[in-house]
Amino acid sequence: MKRVLASFVVLSLLSMNFFGCAAMLQGTRQMIQANSTPNGAKILVSPTNEEYVTPAMMNLERKYNYVLTFSKKGYSTAKFNIHKKLDVTMLLLDVLFTGVLGVIVDAATGAWYDLTPEFVTVTLERLNAANGPDEIKVYVRMEGDSLIIESDEPGVNVSIDKQN
């Protein structure tokens, strides 16, 4: 039993020397959640040129700073910055436990960075607000002998004209 435990400790220490603490503990990529109002906006991620559509979960490499460009037809374009920030705890673990090899690995892969913020919400402004919304929903229901017609858009009046 002691031999197995000793072998495990030695293998763990050797693997840390080849992988780095941060790469092993948190990986080289991080999930970032992106939302927009309205939904369905295209996101172009720079510098990697990846594309997503909101709502999106983006799996980004930790080693870059990013500029997210949100666009949707009929709306203004918006940009949002994601920054990498050094995780000092991971750096210290590398120095203490993995030595030079672990530091080199985690520096090259960016594993010891955290991306911030992890949650992005952008509101796109409509270019021609005077034209009204893209869609107006109308609801028709019966209450007793009365026909009720309503709209989900404030300020929209719905009327029915009888034609002969």
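Counting only heavy atoms from C-beta outward, the side chains of T37 and L124 never approach each other to under 4.5 Å. Inter-residue side-chain proximity for N81 and N65 is flagged as unmet; no heavy-atom pair is nearer than 4.5 Å. At a threshold of 4.5 Å between non-hydrogen side-chain atoms, the residues T121 and S36 do not count as touching. You'll find the side chain of L115 reaches within 4.5 Å of the side chain of Y66, heavy atoms only. Counting only heavy atoms from C-beta outward, the side chains of V120 and N35 never approach each other to under 4.5 Å. Side-chain contact between K79 and T69 is present, with at least one heavy-atom pair separated by less than 4.5 Å.
Listed by chain and number, the residues in a salt bridge (Lys or Arg N to Asp or Glu O under 4.0 Å) with E125 amount to none (sequence neighbours excluded).
Heavy atoms only, all atoms of each residue included: T54 and A34 are closest at CG2-O, 4.1 Å. The nearest pair of heavy atoms linking A78 to V122 is CB-CG1, 3.5 Å.
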Kindly indicate, with the supporting measurements, whether the criterion salt bridge (charged side-chain N to carboxylate O under 4.0 Å, His left out) is fulfilled by D114 and K84. CA-CA 6 Å; D114 286 323; K84 66 181 181 182; over 6 Å; no
Determine all donor-acceptor pairs shorter than 3.5 Å in which one atom belongs to a side chain in residues 38-49; sequence neighbours excluded.
residue, atom, partner, partner atom, Å
T48, OG1, E50, OE2, 2.8

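The distance from atom CD of Q30 to atom CZ of R62, rounded to the nearest 0.5 Å, is 4.5 Å. Once rounded to the nearest 0.5 Å, the distance linking CZ of F70 with OG1 of T123 reads 10.0 Å. For the atom pair T28 OG1 and K63 NZ, the distance stands at 8.0 Å (nearest 0.5 Å).
Listed for the R126 side chain is no donor-acceptor partner under 3.5 Å among the backbone atoms of Y75.
A continuous path of Ile, Leu, Val, Met, Phe, Trp and Tyr side chains, each step under 4.5 Å between heavy atoms, connects M142 with V140, placing both in one hydrophobic cluster.
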